[in-house]
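The structure under discussion appears below in the form of structure tokens.
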There are 4 protein chains.
Amino acid sequence: MGDGRTKRMPRAERERQMLDAAVEVIARHGYTAASMDEIAELAGVSKPLVYLYLNSKDDLFTACIRREAAALTEAVRAAVRPCLPADRQLWDGVQAFFAYTAEHPDGWTVLHLQARTHGPRFTAEADAMRAEMTAFVTRLIASAAQESPHSRDLPAAEIEGLAMALIGAAESLADWANTTDGITAPQAAATLMNFAWSGLGDLMSGNRWATPVGLA
Amino acid sequence: MGDGRTKRMPRAERERQMLDAAVEVIARHGYTAASMDEIAELAGVSKPLVYLYLNSKDDLFTACIRREAAALTEAVRAAVRPCLPADRQLWDGVQAFFAYTAEHPDGWTVLHLQARTHGPRFTAEADAMRAEMTAFVTRLIASAAQESPHSRDLPAAEIEGLAMALIGAAESLADWANTTDGITAPQAAATLMNFAWSGLGDLMSGNRWATPVGLA
Amino acid sequence: MGDGRTKRMPRAERERQMLDAAVEVIARHGYTAASMDEIAELAGVSKPLVYLYLNSKDDLFTACIRREAAALTEAVRAAVRPCLPADRQLWDGVQAFFAYTAEHPDGWTVLHLQARTHGPRFTAEADAMRAEMTAFVTRLIASAAQESPHSRDLPAAEIEGLAMALIGAAESLADWANTTDGITAPQAAATLMNFAWSGLGDLMSGNRWATPVGLA
Amino acid sequence: MGDGRTKRMPRAERERQMLDAAVEVIARHGYTAASMDEIAELAGVSKPLVYLYLNSKDDLFTACIRREAAALTEAVRAAVRPCLPADRQLWDGVQAFFAYTAEHPDGWTVLHLQARTHGPRFTAEADAMRAEMTAFVTRLIASAAQESPHSRDLPAAEIEGLAMALIGAAESLADWANTTDGITAPQAAATLMNFAWSGLGDLMSGNRWATPVGLA
DNA sequence: GATGAATGAGATTTCATTCAT
DNA sequence: AATGAATGAAATCTCATTCAT
């Protein structure tokens with residue numbers, strides 16, 4: 001490359017730099033429009049080295065998705081203490097989620113938008129992480145429901161739907177917080193909890209929303 | 001094309017065919033990976049004609065986004081009667097939303113995923129529609145809040161956050177319903193209302209979720 | 001291309017020009033070292049047009065081999081009259097063969113050398129032509145043998161071997177004539193006939209070469 | 001390489017391993033398609049060592065051709081005893097030739113096919129060996145001719161042509177024997193001798209094939 | 001004697017786009 | 001209203017080769 005960057009570093013470190021660069025460039029231009037040239041330049045290496053280490057553009061993208069998904073998942077997992085009550089677990093996880101997405105907006109873009117728009121191979125990778133999140137939320141809802149006297153009102157399929165709704169709300173708020181000045185991660189987290197838990201709480205108490213008569 | 005397709009049709013109809021083809025191909029492969037060749041072939045016309053009518057790939061995509069956004073917006077608007085109470089308006093709009101996304105999965109993919117992952121020009125188009133949805137929801141929440149005795153508890157910024165959360169939940173459930181066998185649009189709609197309105201209802205009653213002491 | 005070449009010609013003619021150029025360039029540098037850039041330039045078109053018409057480098061090479069093989073086969077077939085005696089048929093075919101290889105040295109190089117040195121896909125194409133030649137020669141030898149009183153001495157496997165030997169001798173002489181000043185195609189043809197037919201004639205008469213005693 | 005291979009061996013042996021690997025890989029993929037990476041890996045060494053010992057891909061290929069040519073030439077030379085009569089010398093040489101090509105198919109492929117299809121530098125190397133073979137055969141034919149009363153009928157140019165034919169026949173039969181099940185080297189050798197010597201023998205006796213009147 | 005780290009150059013291939021009719 | 005012919009530009013990827021140790 002000829003510039004002043006440090007050279008000859010161990011493979012692991014170079015790989016990390018390449019993934020950093022790839023996440024940034026892919027977040028900026030989108031996966032297909034991102035060029036290996038730009039990624040290599042931002043990483044401070046030549047293209048062949050990127051191919052030598054990461055094998056192909058597809059593999060590079062997959063590696064990005066996996067790394068970012070693992071980091072986000074780990075951040076949430078580390079924040080949750082299973083001994084606490086369900087709502088407190090959710091609160092801790094939600095806070096960690098918003099903190100992470102705020103600190104790693106490019107990674108979040110790659111996970112939330114890019115990984116889901118470029119074919120089944122990558123969608124599958126992203127779905128694996130989403131499934132983990134969904135499982136976590138589903139577990140919480142189910143355990144909360146069991147402690148409530150009205151649990152019979154919530155069939156499994158609906159619980160999964162509620163989990164999807166909660167996760168979608170979280171994703172949307174993360175984007176909103178990342179692109180709106182003056183909205184902090186803790187604020188987004190509080191809004192989500194208000195929105196979600198109060199609603200879920202009502203459901204636990206057997207208070208369903210009253211469907212207008214005569215509608216499916 | 002030389003095959004047996006009908007030729008010499010009026011411009012408006014040809015344009016519609018081209019947009020149909022573009023939406024389908026873009027939903028399948030993603031915008032950048034979609035090729036004008038494939039779009040032209042699926043539309044049953046030659047490439048120069050596509051350029052003559054739609055001008056460029058960017059313009060074609062923009063036209064797709066606008067058309068799909070207008071159709072979805074219109075479907076929701078048509079279903080809502082402003083004379084009814086807020087929760088009923090929301091219910092009608094939500095039902096129309098899920099019905100539309102279920103019937104036009106390619107259009108929904110283009111709007112929800114493709115339009116948001118290929119640079120600011122298209123994101124802006126999609127955001128315009130999202131803003132319309134947000135405004136609708138925000139108005140509903142605000143009007144409901146005004147009827148409640150605890151409205152002062154909900155500042156404008158939080159109302160916007162709640163709207164983002166609700167819309168994100170709706171988007172997530174639309175994807176879920178479209179990709180999960182056995183989940184119908186009405187079921188997704190009901191799940192969303194349960195999740196959202198009960199929660200919002202609690203908020204209207206002044207029942208916020210109790211933030212654990214000492215946390216941001 | 002910008003140069004003074006004629007433009008906008010019908011597809012069939014352009015394809016022929018491309019194959020001409022490809023045969024010439026491949027004969028000169030070898031298949032792998034031949035670049036699509038050079039082929040396109042020699043054909044007077046841009047690279048994308050070569051790909052549009054011939055699809056890939058592999059397919060282009062295959063098309064070259066097929067065209068050259070068909071032309072050579074046809075030249076030999078046209079020269080042979082099955083009503084004549086076997087040695088006369090062979091003489092006519094051999095003359096046509098050397099005349100063709102002398103007039104189309106690049107095509108001959110592609111068939112004889114390039115097609116056989118770049119993987120099974122192309123070898124198979126070349127072998128198809130070689131098999132046709134072998135079949136022709138084998139038929140001649142067999143029919144000559146049947147007219148002779150000593151035909152029992154020649155098992156089928158050996159006849160095939162003799163055909164392979166004759167064809168190898170012809171190929172070698174074709175290369176020799178093409179690369180040696182002062183050797184004309186008719187001279188090479190005569191040399192081959194002397195070498196081959198007299199030897200075959202002896203075999204027909206039952207005069208095998210006397211294998212030294214005690215050797216396999 | 002990090003695996004369990006033996007290390008630190010004397011240069012000559014390492015070089016032999018590299019040439020072995022190169023011959024195998026080049027025979028398999030062709031010279032241009034053969035990669036230094038694959039050769040180094042098959043040799044069990046790192047690429048820089050290959051360059052240290054063999055200097056460049058071209059030089060490596062040249063070294064392969066020279067080694068294989070020398071080995072084949074030596075095998076034939078060792079089998080021939082100049083004190084014996086010409087046909088016996090030829091028989092011994094031919095046997096050695098087919099035995100060698102059968103035992104070293106990769107080397108034979110490199111010599112016969114690869115060395116002749118990748119530009120003048122390598123063709124020259126292969127031609128040097130071919131010239132040696134031709135000289136040997138030419139000498140035999142000439143010496144046989146001198147012992148015969150009809151020698152004046154064979155001018156030098158035709159003798160060289162006959163030698164080219166014989167060598168081409170031998171090459172073709174070697175390929176045929178190597179790729180056809182059930183054909184052994186001795187069988188191929190016998191077929192060649194029958195084909196060649198009987199024919200040559202006839203020529204020695206003044207029996208030329210009768211060119212049809214009126215043809216060149 | 002031997003190798004991990006790194007690259008300049010160039011290969012094939014694809015794409016959005018236009019011209020001439 | 002419509003298309004066959006054609007291309008400039010740029011993408012991904014591979015390769016022979018070298019440096020520093």
Considering residues at least two apart in sequence or located in another chain, which fulfil the salt bridge (Lys or Arg N to Asp or Glu O under 4.0 Å) criterion with [X]?
X: A/Asp127; answer: none
X: D/Asp106; answer: none
X: B/Arg121; answer: B/Asp58, B/Asp59
X: A/Arg28; answer: A/Glu24, A/Glu38

Atom CG in C/Leu60, atom CG in C/Leu19: separation rounded to 0.5 Å? 6.5 Å
Rounded to whole Å, how long is the line connecting atom [atom1] of [X] with atom [atom2] of [N]?
X: B/Phe61; N: E/dA16; atom1: CZ; atom2: C1'; answer: 16 Å
X: C/Glu41; N: F/dG8; atom1: CD; atom2: C1'; answer: 15 Å
X: A/Leu52; N: E/dT3; atom1: CG; atom2: C1'; answer: 14 Å
X: D/Leu54; N: E/dA2; atom1: CG; atom2: C1'; answer: 15 Å
X: B/His29; N: E/dT14; atom1: NE2; atom2: C1'; answer: 14 Å
X: A/Tyr53; N: E/dG4; atom1: OH; atom2: P; answer: 10 Å
X: D/Gln17; N: E/dA2; atom1: CD; atom2: P; answer: 9 Å
X: B/Met9; N: F/dA2; atom1: CE; atom2: P; answer: 8 Å

Stems of at least 3 consecutive Watson-Crick or G-U wobble pairs (donor-acceptor distances under 3.5 Å) involving DNA chain F, listed by first number, are E:2-21 with F:2-21
What residue pairs, at least two apart or across chains, pass ring pair (Phe, Tyr, Trp, His ring centres under 6.0 Å) with a residue in residues 14-45 of chain D? D/Tyr31-D/Phe61, D/Tyr31-D/His118, D/Tyr31-D/Phe122
C/Tyr53: side chain to side chain contact (heavy atoms under 4.5 Å, CB included) partners, not counting sequence neighbours: C/Arg11, C/Arg14, C/Glu15, C/Met18, C/Leu49
With sequence neighbours excluded, residues passing side chain to side chain contact (heavy atoms under 4.5 Å, CB included) with D/His112: D/Trp108, D/Arg116, D/Glu171, D/Asp175
What contact category does C/Arg11 fall into here, base, sugar-phosphate, or nothing, at under 4.0 angstrom with non-hydrogen atoms? sugar-phosphate
Would you say A/Arg14 reaches E/dG4's phosphate, i.e. side-chain N/O to OP1/OP2 under 4.0 Å? no
In B/S/- notation, 5' to 3', how is nucleotides 14-21 of chain F contacted by protein heavy atoms closer than 4.0 Å? BBSBBB--
Contacts of A/Pro10 and D/Pro10 projected onto DNA chain E by closest heavy atom; the upstream (5') one is D/Pro10
Heavy-atom pair of closest approach, residues D/Lys47 and D/Met36: CG-O, 3.9 Å
The nucleotide from F/dA6, F/dA2, E/dA6 with an atom nearest the side chain of B/Ser46 is F/dA2
